[in-house]
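What you see below is based on every heavy atom in this structure, not just the backbone, and it leaves out hydrogens, waters and symmetry mates. Keep in mind the model is a prediction, meaning the values are calculated, not measured. Just so it is clear: chains get the letters A, B, ... in the order the sequence lines come, proteins before strands, and each one is counted from 1.
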Amino acid sequence: MEDILVKIDEYIWQLPKNYKGCMLVPGRLYLNDKLVEQLEKEVLEQVANVACLPGIQKYSLAMPDCHYGYGFCIGGVAAFDEEDGVISPGGVGFDINCGVRLIRTNLTREEVQPFIKELVKTLFRNIPSGLGSKGKIKLSMGEIDDVLEEGVYWAIKNGYGWKKDVKYIEENGCIKNADASLVSDSAKKRGLPQLGSLGSGNHFLEIQYVDEVFDDRVAKVYGVEKDQVLVMIHSGSRGLGHQICADYLRYMEKAARKYGIKLPDRQLACAPINSEEGIRYFKAMNCGANYAWTNRQLITHWVRESFEDVLRIPAEDLEMDIIYDVAHNIAKREVHKVDGKLKRLMVHRKGATRSFGPGCEDIPSKYESVGQPIILPGDMGSASYLMHGTERAMEETFGSTAHGAGRVLSRAKAVKIYSSKEIKSKLESMGIYVMADSKGVLAEECPEAYKDIDIVADIVHNIGISMKVCRMKPIGVIKG
DNA sequence: ATGTGC
């Protein structure tokens, strides 16, 4: 790999434009020396392929947690000019608005620890999880259209959460330009029973405590301190987003042919941003995004109820405000500086998190002085990070950073090496109480299957595209 | 990630 990539800086590697004839811009990968050695050849190809798509700006980017994905690598960021660029479902991913929400409590680790087993059991009972899991909400086809277009406002209106919640969600939990008439009935039918469910795979709910604070000033602004208990929710748009992606991939293959777009890989099917096809996908994808935010909102509501029940705290005494909620699979219209000029772009983040710095629009006013919060979940045995957005990210990565640990072992390989039983008892010996819906998921998601989150956080911190605020460790985990 | 396939 080192003979292809050019080292620009300690953690910045360039994939030259001449690597592939069709590349319009170079690739840029943010990795340390060890991750460069381990880099999959397929990821390099995917970074190069994305660099061939019309209208791409500056670089085809890959974050330190990058790994092989559908068309675009996971951990990939690509921005396309609205005038002559494309939008691609493969650049968003199947799980539209897969993302993470972090909730703070006014409880310490010592206060929660005695209740941890009961708390995890109660959360497990109250929040449906697992493959094909169904929520507790009874929705009609008419109502799901409201969810897709109103997002979290629908949830609040129906009693799931607090009015102020929307202030601390990317896009206020309701992205504009969502048109439910562009989502197929089959996608809606899949989404109907699943609203308010965790899902499976790497989706989880964790009770964590703040293990170490790196930046007191920013931690104070975000309302976190050492030993405080936080709750992290990692979930997405379930079968609905998956179906939207599948529907539009087929549609985009035809569109790519119609507009004469040469695809280095069929999985990069796309259409011009302002074509009918491009706009339709954008409006359908936004529905998937609103569904995912609503999904995390309903889960939040049941998390609050569960804490009140188990800890026997009256609702008015329990503070469980949202710190922030980030999307890490999405394409967004944003304005960024390119060669000194402001340009309207479609920024694709697939397994990458927005990292808007201080003073940026679209971040909560409370956080304006320090930049937006970024949530970086690790694997269940280690840690997660809360970081903040930076000016450097605005200049370097279209305001983007990593999204988590990223896999190093495939699910199949992980299951061959480890058993769920041994993982559960190992975690318990570390003081982490785990409940999982399916038998195999703990082995699939074992700590050894992931990159070291400390290293991913160190790399993005050292490059300066997001900065460490604090590290959290899990004490209770729920897995799909 | 996913009613784990075209």
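Counting non-hydrogen atoms under 4.0 angstrom, A:Arg190 reaches a base of the nucleic acid. Within 4.0 Å (heavy atoms only), A:Gly241 reaches no atom of the nucleic acid at all. Counting any heavy atom pair closer than 4.0 Å across all strands shown, A:Gly201 reaches sugar-phosphate atoms only and no base atom. A:Gln194 comes within 4.0 angstrom of sugar-phosphate atoms only, judged by non-hydrogen atoms across all strands, and of no base. Looking at heavy-atom distances under 4.0 Å, A:Arg411 makes contact with sugar-phosphate atoms alone, never a base.
Electrostatic pairing of A:Lys58 and A:Glu396 does not count as a salt bridge here, judged by no charged N lying under 4.0 Å from a carboxylate O. Between A:Arg349 and A:Glu334, at least one side-chain nitrogen of the basic residue sits less than 4.0 Å from a carboxylate oxygen of the acidic one, meeting the salt-bridge criterion. The pair A:Glu444-A:Lys413 does not meet the salt-bridge criterion, since no charged nitrogen lies less than 4.0 angstrom from a carboxylate oxygen. At a threshold of 4.0 Å, the pair A:Arg238-A:Asp95 does not count as salt-bridged, since none of the basic side-chain nitrogens sits closer than that to a carboxylate oxygen.
Between A:Ile96 atom CD1 and B:dT2 atom P there is a gap of 13 Å when expressed in whole angstrom units. One interatomic measurement links the two molecules: CG of A:Asn329 to C1' of B:dT2, which rounds to 13 Å at whole-angstrom precision. Rounded to an integer number of Å, the gap from A:Tyr248 OH to B:dT2 C1' is 19 Å.
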Using nucleotides 4-6 of chain B, report all nitrogen or oxygen pairs with the protein that are shorter than 3.5 Å.
none

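Evaluation of the side-chain hydrogen bond (donor to acceptor under 3.5 Å, both in side chains) rule for A:His301 yields A:Glu305 as partners, not counting sequence neighbours.
In this pair, A:Tyr168 and A:Tyr367 present their aromatic rings tilted. The plane angle is within the 30 to 60° band.
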